[in-house]
Amino acid sequence: MTVELPGLVVVLCGPSGAGKSTLIARLRDELGAQLRFSVSYTTRPPRTGERDGVDYFFVDRPAFEELVADGAFLEHAIVHTNMYGTHRQQVEDLAAGGAVVVLDIDVQGAAQVRATSADVVFVFVLPPSVEELERRLRGRATDTDEVIRGRLGVARAEMSEAPLFDYAVVNDDLERAAADVAAIVRAERLRRAKDGTAARFA
Ligand code: 5GP
């Protein structure tokens with residue numbers, strides 16, 4: 001007999017430089033087609049290689065504000081001067097189809113989801129150390145010293161929120177961190193499957 005695993009919404013949060021995007025890419029290999037990424041809306045211009053509708057939906061400020069006014073967002077926030085938002089309907093549709101829906105959002109967004117949505121799993125992704133975080137942020141050669149110092153300050157403040165999350169995953173070893181998230185997903189889906197499974201024997 002197999003247990004039918006229900007859809008699950010997982011919020012992955014953590015400071016810029018914690019390696020969330022790489023972790024999500026590795027998680028795709030681990031979970032395969034069951035993983036679906038919530039594609040956020042943003043007013044940030046695309047970076048080289050980013051594709052509209054894949055990495056983000058890139059919109060201008062008036063379009064973003066219209067979506068806010070329509071109540072289209074499950075959460076939205078200003079991060080590093082740009083606006084970001086998670087489309088409620090997109091997440092609901094994906095989860096209803098039985099997928100594991102991963103949201104890569106900041107701590108402000110996570111707080112909004114925590115306040116408004118039940119049954120969501122919150123995972124905080126930590127860099128191995130503050131020194132390693134600084135090294136990773138400096139590795140992005142595009143940023144000035146001032147920007148890096150600013151990001152480090154924000155990262156420290158964000159990391160102080162880790163205790164509010166259900167799980168903490170340290171991203172020091174990508175394979176292990178991805179396996180940790182996959183284990184969380186498996187356990188949380190099995191926890192949610194128990195009612196449906198029991199009903200089949202009633
Ligand atoms: P980036 O511009 O580097 O892709 O993302 C900057 C930050 O914005 C990251 O911490 C990322 O998690 C966060 N972010 C991306 N999408 C959303 C979203 O829809 N909502 C919120 N609150 N944060 C987001």
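Bear in mind the structure is a predicted one, so any value in this text is a computation, not a measurement. Ligands are counted one by one from 1 in listed order, and the atoms in each one are counted from 1 as well.
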Backbone or side chain, does any N or O of [X] fall under 3.5 Å from an N or O of ligand 1?
| X | answer |
| --- | --- |
| Tyr41 | no |
| Arg47 | yes |
| Asp106 | yes |

What part of [X], side chain, backbone, both or neither, has a heavy atom within less than 4.0 angstrom of ligand 1?
| X | result |
| --- | --- |
| Val79 | side chain |
| His87 | neither |
| Lys20 | side chain |

message: By the salt bridge (Lys or Arg N to Asp or Glu O under 4.0 Å) test, which pairs, at least two apart or in different chains, include something from residues 110-127?
response: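 Passing the test, one end in residues 110-127: Asp119-Arg192.
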- prompt: To which protein heavy atom is atom 1 (P) of ligand 1 closest, and what is the distance rounded to 0.1 Å?
  reply: Tyr56 OH, 3.5 Å
- prompt: Nearest to atom 6 (C) of ligand 1, what protein heavy atom do you find, and at what distance?
  reply: Tyr84 OH, 3.7 Å
query: Quick check, are the ring centers of Tyr84 and Tyr56 under 6.0 angstrom apart?
result: yes
- prompt: Step by step, would you call Val123 with Phe165 a side chain to side chain contact (heavy atoms under 4.5 Å, CB included)?
  reply: CA-CA 6 Å; Val123 180; Phe165 287 69; 5.7 Å; no
- prompt: Will you find, in the side chains of Gln34 and Arg28, an N or O donor that is under 3.5 Å from an N or O acceptor?
  reply: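 No, no side-chain donor-acceptor contact under 3.5 Å.
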Could you tell me which atoms of ligand 1, counted from 1 in the order shown, lie closer than 4.0 angstrom to a heavy atom of [X]?
| X | result |
| --- | --- |
| Gly85 | 18 (C), 19 (O) |
| Ala77 | 22 (N) |
| Gly109 | 22 (N) |

Spatial distance of atom CZ (Phe124) from atom CG (Leu164) [nearest 0.5 Å]: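 Reported to 0.5 Å precision, the distance equals 9.5 Å.
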query: Quick one: CD on Glu92 to NE2 on His87, what's the gap to the nearest 0.5 Å?
result: 10.0 Å
field: For Phe57, all residues meeting ring pair (Phe, Tyr, Trp, His ring centres under 6.0 Å), sequence neighbours excluded
entry: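 Residues passing ring pair (Phe, Tyr, Trp, His ring centres under 6.0 Å) with Phe57: Tyr41.
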Nearest heavy atom to [atom]: which of [options] does it belong to?
| atom | options | result |
| --- | --- | --- |
| atom 18 (C) of ligand 1 | Arg44, Glu75, Gln112 | Glu75 |
| atom 19 (O) of ligand 1 | Ala110, Ala111, Ser40, Pro45 | Ser40 |
| atom 12 (O) of ligand 1 | Val107, Val154, Asp104 | Asp104 |

field: Ser16 near ligand 1 by a heavy-atom separation under 4.0 Å
entry: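 Checking ligand 1 against Ser16, which is what was asked, there is no heavy-atom contact under 4.0 Å.
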query: Is it the case that more than 12 heavy atoms not belonging to Arg36 sit under 6.0 Å from its CZ atom?
result: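 Atom CZ in Arg36 is not crowded, with 12 or fewer foreign heavy atoms closer than 6.0 Å.
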- request: Looking only at non-hydrogen atoms, find the nearest pair between Val170 and Pro128 and report the distance.
  value: CG1-CA, 3.9 Å
task: Give a yes or no on whether the backbone of Asp104 and the side-chain of Lys20 come within a donor-acceptor separation of less than 3.5 Å.
output: no
